[in-house]
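Here's the structure we're looking at; comments come further down.
All chains are named by letter (A, B, ...) in the order of the sequence lines, taking the proteins before the strands, and each is independently numbered beginning at 1.
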Protein chains: 2
Amino acid sequence: MTRTPLADVACSIARATDLFGDAWTALIMRDVLAGVTRFDELVHDLGISRKVLAAKLSRLIDEGVLVRESYRERPAREHYRATEKGRELYPVLLALMSWGDRWYAGEAGPPARIHHLDCAHDTTPVTACAHCGEALTADNTTQLPGPGGRVGPGTRVLGPLIASRAVQLPGARD
Amino acid sequence: MTRTPLADVACSIARATDLFGDAWTALIMRDVLAGVTRFDELVHDLGISRKVLAAKLSRLIDEGVLVRESYRERPAREHYRATEKGRELYPVLLALMSWGDRWYAGEAGPPARIHHLDCAHDTTPVTACAHCGEALTADNTTQLPGPGGRVGPGTRVLGPLIASRAVQLPGARD
DNA sequence: CTACTCAGGTTCCCTTAGGGAACTTGAGTC
DNA sequence: GACTCAAGTTCCCTAAGGGAACCTGAGTAG
């Protein structure tokens with residue numbers, strides 16, 4: 001199958017997708033961040049095959065998203081913890097969860113609630129502008145080429161059409 | 001291979017991942033939302049195989065994320081547009097992009113900038129609490145069982161460990 | 001001291017999704 | 001009549017995922 005490698009592409013979504021774009025990584029990170037950190041716990045909680053879990057964990061460690069730690073000697077017991085890079089995937093999980101809640105929750109409502117400890121409210125996440133705090137949507141934003149858009153000889157350029165269009169477009173509004 | 005089906009699982013991340021958890025869906029949605037909407041344009045921009053693109057587009061249409069529209073008769077030409085459900089995936093893309101920018105942008109900086117039309121600033125997205133506007137992180141939130149957590153006989157329960165832990169945990173803070 | 005369990009994997013075989021190139025179809029156009 | 005273009009579809013091949021069995025080191029019940 002040899003999945004097309006996306007890590008070397010000049011697009012941060014592609015780079016993130018190269019790691020995150022599979023059936024299990026999001027769920028593994030959800031579990032690890034929620035405290036399900038042991039190999040067998042993950043196998044049972046997710047229903048993932050042991051082989052695939054071992055491969056994913058190994059990849060996530062290589063990427064610096066997880067670390068393998070011993071939490072007990074004699075008998076030796078290991079578990080997995082999120083690094084800072086791993087914990088910063090949390091907004092991605094929130095965005096996925098929020099979308100799933102909105103479009104797939106049945107009559108009963110969403111399966112889980114997010115509780116914000118600092119303000120002590122059950123809440124929903126909003127993807128907001130760091131400047132003005134307003135919600136960012138496909139309609140009120142546009143993408144422009146950034147400083148890292150000029151790439152060296154080893155880097156494949158993904159999205160020349162986007163790059164050229166972004167400048168031409170009056171804006172993403174219809 | 002027969003990927004484990006996740007759509008019927010009582011977890012919104014799993015439901016979203018069933019559709020979104022592959023190498024291409026995020027990039028297809030990025031392109032469609034940015035105005036790259038024609039079949040051949042997508043093939044050339046993404047480097048995706050025509051076969052796989054056709055399958056993904058078909059799935060995205062079945063899910064109500066995209067619609068296929070004619071934009072010219074004689075010769076008949078079709079393109080793909082995001083529905084509301086599709087446009088609401090934008091925060092997921094922003095979260096992925098933001099994470100990729102933070103952890104994979106080289107010296108040169110990120111490959112693209114987000115421009116917020118309403119406040120006319122280049123910006124970064126923040127995943128914020130809808131109540132108080134503060135940033136939500138793995139540290140300052142906890143997940144609690146929601147109303148849709150009770151599931152019928154046809155629904156597989158994913159994450160009983162989480163469900164039981166969420167109640168016990170004093171909070172996600174270390 | 002032998003048998004059993006448990007955690008954390010690894011090995012094996014099998015199926016199937018993805019890569020990639022070639023082919024198809026319907027319409028325009030040189 | 002030959003060529004191009006858009007939008008797929010068909011073909012073959014490889015490798016990734018599923019799943020069950022196996023392995024290994026350490027504790028522990030009888």
Side-chain angles (χ1 to χ4, degrees), chain A residues 1-9 14 17-28 31-32 36-62 66-81 156 158 161, chain B residues 1-7 9 14 17-28 31-32 35-62 66-81 156 158 161:
Chain A
M1 200 177 335
T2 317
R3 261 181 48 170
T4 307
L6 297 169
D8 60 346
V9 158
T17 296
D18 188 69
L19 175 67
F20 210 72
D22 72 271
W24 291 115
T25 301
L27 294 169
I28 291 168
D31 270 23
V32 169
V36 180
T37 59
R38 298 208 332 276
F39 191 91
D40 273 24
E41 266 182 333
L42 287 165
V43 167
H44 293 125
D45 196 50
L46 297 175
I48 190 175
S49 104
R50 309 176 75 77
K51 181 180 100 168
V52 175
L53 179 59
K56 291 294 165 213
L57 290 173
S58 170
R59 172 81 198 277
L60 290 168
I61 288 167
D62 287 349
L66 296 181
V67 284
R68 186 166 182 272
E69 285 179 356
S70 168
Y71 68 94
R72 198 173 64 185
E73 316 267 331
R74 329 201 51 74
R77 291 290 178 263
E78 320 290 333
H79 68 169
Y80 298 88
R81 310 262 307 158
R156 187 160 73 93
L158 183 75
L161 287 167
Chain B
M1 199 176 337
T2 317
R3 259 180 51 170
T4 307
L6 297 168
V9 157
T17 295
D18 188 69
L19 174 67
F20 209 72
D22 71 271
W24 291 114
T25 300
L27 294 169
I28 291 168
D31 271 22
V32 169
V36 181
T37 59
R38 299 205 334 274
F39 191 91
D40 272 24
E41 266 182 333
L42 287 165
V43 167
H44 293 125
D45 197 50
L46 297 175
I48 189 174
S49 104
R50 309 176 76 78
K51 180 179 103 171
V52 175
L53 178 60
K56 290 295 166 212
L57 290 173
S58 170
R59 172 82 199 280
L60 290 167
I61 288 167
D62 287 350
L66 296 180
V67 284
R68 188 168 179 270
E69 285 178 355
S70 169
Y71 69 94
R72 196 173 67 185
E73 318 267 332
R74 332 200 47 75
R77 291 292 178 262
E78 320 289 333
H79 67 169
Y80 297 88
R81 309 266 303 161
R156 187 160 76 92
L158 182 76
L161 287 168

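To the nearest 0.5 Å, atoms CG (Asp40(B)) and NE2 (His79(B)) are separated by 14.5 Å. In this structure, CD1 in Ile28(A) is found 7.0 Å from CG in Asp22(A), a value given to the nearest 0.5 Å. Atoms CG and CZ, from Leu42(B) and Arg50(B) in turn, are 10.5 Å apart once rounded to the nearest 0.5 Å. To the nearest 0.5 Å, atoms CG (Leu46(A)) and CG (Asp31(A)) are separated by 4.5 Å. Atom CZ of Arg81(B) and atom CZ of Arg68(B) lie 15.0 Å apart (nearest 0.5 Å). Taking NZ of Lys56(B) as the reference point, atom CG of Leu27(B) lies at 11.5 Å (rounded to 0.5 Å).
DNA chain D contains the following stems of three or more consecutive Watson-Crick or G-U pairs, with both distances under 3.5 Å: C:1-30 with D:1-30.
If you measure from atom CD of Glu69(B) to atom C1' of dA7(D), you get 16 Å, rounded to the nearest angstrom. Remark: P of dG25(D) and CD of Glu73(A) are 17 Å apart, rounded to the nearest angstrom. If you take CG of Asp18(A) and P of dG18(C), they are 15 Å apart, rounded to a whole angstrom. The nearest whole Å value for the distance from the CG atom in Leu66(A) to the P atom in dG8(C) is 15 Å. Taking atom NZ of residue Lys51(A) and atom C1' of nucleotide dC22(D), one finds them 15 Å apart after rounding to whole Å.
Annotation: side chain of Thr25(A) is not in contact with side chain of Thr17(B) (no heavy-atom distance under 4.5 Å). Leu19(B) has its side chain within reach of Leu60(B): a pair of non-hydrogen atoms, C-beta onward, lies under 4.5 Å apart. With contacts defined as side-chain heavy-atom distances shorter than 4.5 Å, the pair Leu57(A)/Phe39(A) qualifies.
Looking at residues 53-61 of chain B, you'll see Lys56(B) sit with a heavy atom under 4.0 Å from some atom of DNA chain C.
Electrostatic pairing of Asp45(B) and Arg38(B) does not count as a salt bridge here, judged by no charged N lying under 4.0 Å from a carboxylate O.
Among the nucleotides dG8(C), dG8(D), dG18(C), the one closest to the side chain of Val52(B) is dG18(C).
Close to dA16(D), at under 4.0 Å from its OP1 or OP2, lies no side-chain N or O of Trp24(A). Phosphate proximity of dG9(C) to Tyr80(A): present, with a side-chain N or O under 4.0 Å from OP1 or OP2.
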All N/O contacts under 3.5 Å from nucleotides 4-6 of chain D to the protein, with atom names and distances to one decimal?
{"unit_1": "dA6(D)", "atom_1": "O4'", "unit_2": "Arg77(B)", "atom_2": "NE", "d": "3.2"}
{"unit_1": "dA6(D)", "atom_1": "O4'", "unit_2": "Arg77(B)", "atom_2": "NH2", "d": "3.2"}

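Residue Tyr80(A) comes nearest to Leu66(A) through the heavy atom pair CB-CD1, 4.3 Å, listed as atom of the first residue, atom of the second, then distance.
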